[in-house]
Amino acid sequence: MALAEAKADAIVSRLQSTGQFKEDVHATLLITADTVVVYEGIIREKPSSKEEAREFIKGYSGGQAAVVGSVLVTNLKTGKRKGGWDRAEVYFYKIPDEAIDSLIHEGITLNVAGGLMLEHPMTLPFVEAVVGTTDTVMGLPIALTEKFIREAL
């Protein structure tokens, strides 16, 4: 939640400092979010190197990780904010070294929390189950976002 709030604060500040923040009769909503992976009690964000990505993915192989996705909806007209988080668990089959090498070579592993993108075609065959919603794993819990939009209006 702290990261989603920091993102919202930075955007609002930038809008105000550049004069793009206009009073409008209509409500304008800003939606910010963040996702982290929790593996063996340790929070994992985006890997900082290919070596760290390899370590992350090898750890998931044959195991599981939790994904925590936060969302914050800010009504730019009223300043009202509504936010929260959702959690899902992802269970993995054994991930062969060749598949890990391919994912790392492609480069996507450095751009996503925990180093793996659930919906990626090279990842999907190794996902045994998701307990929770896949949209939470992919970065934006839809039902939660819709709820906060209604509450922020």
For Arg87 against Ala66, the heavy-atom pair lying closest together: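 The pair with the smallest heavy-atom distance is NH2-CB, 3.4 Å.
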Looking at Ala113 and Thr35, what are the two nearest heavy atoms and their distance?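 Residues Ala113 and Thr35, closest heavy atoms: CB-O, 3.3 Å.
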Electrostatic pair Lys7-Glu5, nearest N-O below 4.0 angstrom: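 No salt bridge links Lys7 with Glu5.
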State, with a plain yes or no, whether a side-chain heavy atom of [X] is found less than 4.5 Å away from one of [Y].
| X | Y | answer |
| --- | --- | --- |
| Leu29 | Leu76 | no |
| Val90 | Val67 | yes |
| Val71 | Phe148 | yes |

For [X] and [Y], indicate whether the former's side chain and the latter's backbone hold a donor-acceptor pair under 3.5 Å.
| X | Y | answer |
| --- | --- | --- |
| Lys58 | Ile100 | no |
| Ser13 | Asp9 | no |
| Tyr39 | Arg44 | no |
| Thr123 | Met117 | yes |
| Ser70 | Asp34 | yes |
| Thr109 | Gly115 | no |
| Glu106 | Ser102 | no |

Applying a strict under-4.5 Å side-chain criterion to I, L, V, M, F, W and Y, I'd like to know whether [X] and [Y] cluster together.
| X | Y | value |
| --- | --- | --- |
| Val112 | Ile104 | no |
| Tyr93 | Val130 | no |
| Val38 | Trp85 | yes |
| Ile57 | Met122 | yes |

Among Thr32, Asn75, Thr74, which residue satisfies the side chain to side chain donor-acceptor pair (under 3.5 Å) criterion with Arg81?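 The passing option is Thr74.
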Decide side chain to side chain contact (heavy atoms under 4.5 Å, CB included) for Val137 and Glu119; before the verdict, give the C-alpha distance in whole Å, the side-chain angles of both, and the deciding distance to 0.1 Å. CA-CA 9 Å; Val137 177; Glu119 66 275 22; over 6 Å; no
Val68 vs Asp86, test: side chain to side chain contact (heavy atoms under 4.5 Å, CB included). Steps then yes/no. CA-CA 6 Å; Val68 180; Asp86 196 17; over 6 Å; no
Pairwise distance [atom1]([X]) to [atom2]([Y]) - rounded to 0.5 angstrom:
| X | Y | atom1 | atom2 | answer |
| --- | --- | --- | --- | --- |
| Leu144 | Glu146 | CG | CD | 10.0 Å |
| Ile142 | Thr133 | CD1 | OG1 | 7.5 Å |
| Met1 | Leu72 | CE | CG | 5.0 Å |
| Ser61 | Phe126 | OG | CZ | 8.5 Å |
| His105 | Lys50 | NE2 | NZ | 7.5 Å |
| Gln64 | Glu89 | CD | CD | 5.0 Å |

With side chain to side chain contact (heavy atoms under 4.5 Å, CB included) as the test, would you mind laying out the steps for Val12 and Leu30 before giving the verdict? CA-CA 9 Å; Val12 169; Leu30 170 64; 4.0 Å; yes
When you look at Asp135 and Leu140, which way does the side chain to side chain contact (heavy atoms under 4.5 Å, CB included) test go after all the steps? CA-CA 6 Å; Asp135 50 278; Leu140 189 66; 6.0 Å; no
Tyr60 and Phe92: CA distance, side-chain angles, deciding distance, ring-ring contact (aromatic ring centres under 6.0 Å, His included) verdict: CA-CA 6 Å; Tyr60 307 140; Phe92 295 93; 5.5 Å; yes
Holding to ring pair (Phe, Tyr, Trp, His ring centres under 6.0 Å), I want the full list of residues that pass it with Phe56, two or more places apart in sequence or in another chain.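 Ring pair (Phe, Tyr, Trp, His ring centres under 6.0 Å) check on Phe56 returns nothing, list empty.
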